[in-house]
Amino acid sequence: MKNRRVENENRDVKERLLLENFQAFLSAQGIKEKRKFFIYLSFFMEAPTDGLIETLVRFGHEVYCPRMEDKSMMMVQFGDDFTLSHMGIREPVGERYDGAIDYIVLPLLAVDEKGNRLGYGKGYYDRFLREYPKAERIGYCYDFQVRKSVPFEPHDQRLTAIVTDKRIIQIKNTK
């Protein structure tokens, strides 16, 4: 799947379609007040999140992004200052946020229509998701990353929705 993402063509068109579909997803949710989002900062060939973050901030939503501390992930409000992790991933500079979050937008290698997400194998997001069981869990990816099935284990945390450049998938019975 990593190789397939590298070969991905028409990225600018797909990025626009991803953003449009995410906005349609939020409209379908009937969001009327400002919300709190936790969104990954895209790295390498992941579905790009910069435009999504900028749009949400422009509409007055609060956006938080991950920063690694020891072996756990924490939330820091999105801003103008970043540092690079030891893996070369952008991380926001600022104070840790421990409050409630409404939506968690996750990176992935692959996902199935039941909400099983194949991540990068370290379990950071699974551990993080357990701390926020009421938050909507949204896979944000290219449509070719949606597979018939992906391997999963009992401790893996499922998604509640998937937004791709071609469709929105609402997942039932994720708890």
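Distance alone, capped at 3.5 Å, places no donor-acceptor pair between the Thr83 side chain and the Glu91 backbone. Between the side chain of Ser85 and the backbone N or O of Ile89 there is at least one donor-acceptor pair closer than 3.5 Å. A donor-acceptor pair under 3.5 Å links the side-chain atoms of Asp156 to the main chain of Glu153, judged by distance alone. Here the side chain of Gln145 pairs a donor or acceptor atom with the backbone of Leu109 at under 3.5 angstrom.
Within the 4.5 Å cutoff, the side chain of Tyr142 has no heavy atoms near those of the Lys166 side chain. Counting heavy atoms from C-beta on, the side chains of Thr55 and Gln23 come closer than 4.5 Å. Ile162 is listed as a side-chain neighbour of Ile171, based on a closest heavy-atom distance under 4.5 Å. Within the 4.5 Å cutoff, no side-chain heavy atoms of Glu20 are placed close to those of Glu15. Taking 4.5 Å as the limit, some side-chain heavy atom of Arg130 sits within range of a side-chain heavy atom of Gln157. Counting only heavy atoms from C-beta outward, the side chains of Phe37 and Arg35 approach each other to under 4.5 Å. Contact check for Arg137 versus Leu106: side-chain heavy atoms found under the 4.5 Å cut-off. The closest side-chain heavy-atom distance from Leu118 to Val111 is not below 4.5 Å.
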Tell me, with the steps shown, if Phe78 and Leu56 meet side chain to side chain contact (heavy atoms under 4.5 Å, CB included). CA-CA 11 Å; Phe78 177 81; Leu56 291 170; over 6 Å; no
Derivation and outcome, side chain to side chain contact (heavy atoms under 4.5 Å, CB included), residues Lys114 and Arg158: CA-CA 8 Å; Lys114 294 177 187 157; Arg158 292 178 60 205; 3.8 Å; yes
Test log, rule side chain to side chain contact (heavy atoms under 4.5 Å, CB included), inputs Tyr103 and Gln29: CA-CA 11 Å; Tyr103 294 90; Gln29 298 277 307; 3.4 Å; yes
Could you walk me through whether Leu19 and Arg16 pass side chain to side chain contact (heavy atoms under 4.5 Å, CB included), step by step? CA-CA 5 Å; Leu19 184 54; Arg16 180 181 49 79; 5.9 Å; no
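Residues Tyr40 and Ile53 fall within the same hydrophobic cluster, defined by Ile, Leu, Val, Met, Phe, Trp and Tyr side chains chained together at heavy-atom separations under 4.5 Å. Val57 is connected to Leu26 through a chain of hydrophobic side-chain contacts under 4.5 Å among Ile, Leu, Val, Met, Phe, Trp and Tyr, so both are in one cluster. No continuous path of ILVMFWY side-chain contacts below 4.5 Å connects Val163 to Phe59, so the two sit in separate hydrophobic clusters. In terms of hydrophobic clustering, with Ile, Leu, Val, Met, Phe, Trp and Tyr side chains grouped at heavy-atom distances under 4.5 Å, Phe128 and Met74 are assigned to different clusters. Under a hydrophobic clustering in which Ile, Leu, Val, Met, Phe, Trp and Tyr are joined whenever their side-chain heavy atoms come within less than 4.5 Å, directly or via other members, Ile168 and Phe144 fall into the same cluster.
Interatomic distance, Thr164 OG1 to Leu17 CG, rounded to the nearest 0.5 Å: 9.0 Å. Here OG of Ser149 is found 6.5 Å from CG of Asp112. Values are rounded to the nearest 0.5 Å. With rounding to the nearest 0.5 Å, the separation of NZ in Lys134 from CD1 in Ile104 is 13.5 Å. The structure places CD of Gln170 at 8.5 Å from CD1 of Ile138, a figure rounded to the nearest 0.5 Å. Note: Arg127 CZ to Ser72 OG = 8.0 Å, rounded to the nearest 0.5 Å. In this structure, the separation between CD1 on Ile39 and OG1 on Thr49 is 7.0 Å, given to the nearest 0.5 Å.
Under 3.5 Å, the side chains of Thr160 and Glu136 contain a donor-acceptor pair of N or O atoms.
Salt-bridge formation is not detected for the pair Glu54/Arg58: no Lys NZ or Arg NE/NH1/NH2 atom is positioned less than 4.0 Å from an Asp or Glu carboxylate oxygen. A salt bridge links Asp143 to Arg167: at least one charged side-chain nitrogen sits closer than 4.0 Å to a carboxylate oxygen. Taking 4.0 Å as the cut-off between side-chain N and carboxylate O, Arg67 and Glu95 do not count as a salt-bridged pair. Taking 4.0 Å as the cut-off between side-chain N and carboxylate O, Arg96 and Asp98 count as a salt-bridged pair. Note on Arg90 versus Asp50: salt bridge recorded, some NZ/NE/NH1/NH2 to OD/OE distance being below 4.0 Å.
In this structure, Phe38 has its ring center no closer than 6.0 Å to that of Tyr132.
Contact record, Cys141 with Leu108: CB-CD1, 3.6 Å, taken as the closest heavy-atom pair. Of all non-hydrogen atoms in Tyr125 and Pro66, the two that sit nearest each other are OH-CG, 3.8 Å. Here the shortest heavy-atom pairing between Ser42 and Pro48 reads OG-CA, 3.5 Å.
Residue Tyr97 forms a side-chain hydrogen bond (donor to acceptor under 3.5 Å, both in side chains) with just one option from Glu62, Gln77, Lys36, and that option is Lys36.
Classified by interplanar angle (parallel below 30°, tilted 30° to 60°, perpendicular above 60°), the ring pair Tyr140/Phe22 is perpendicular.
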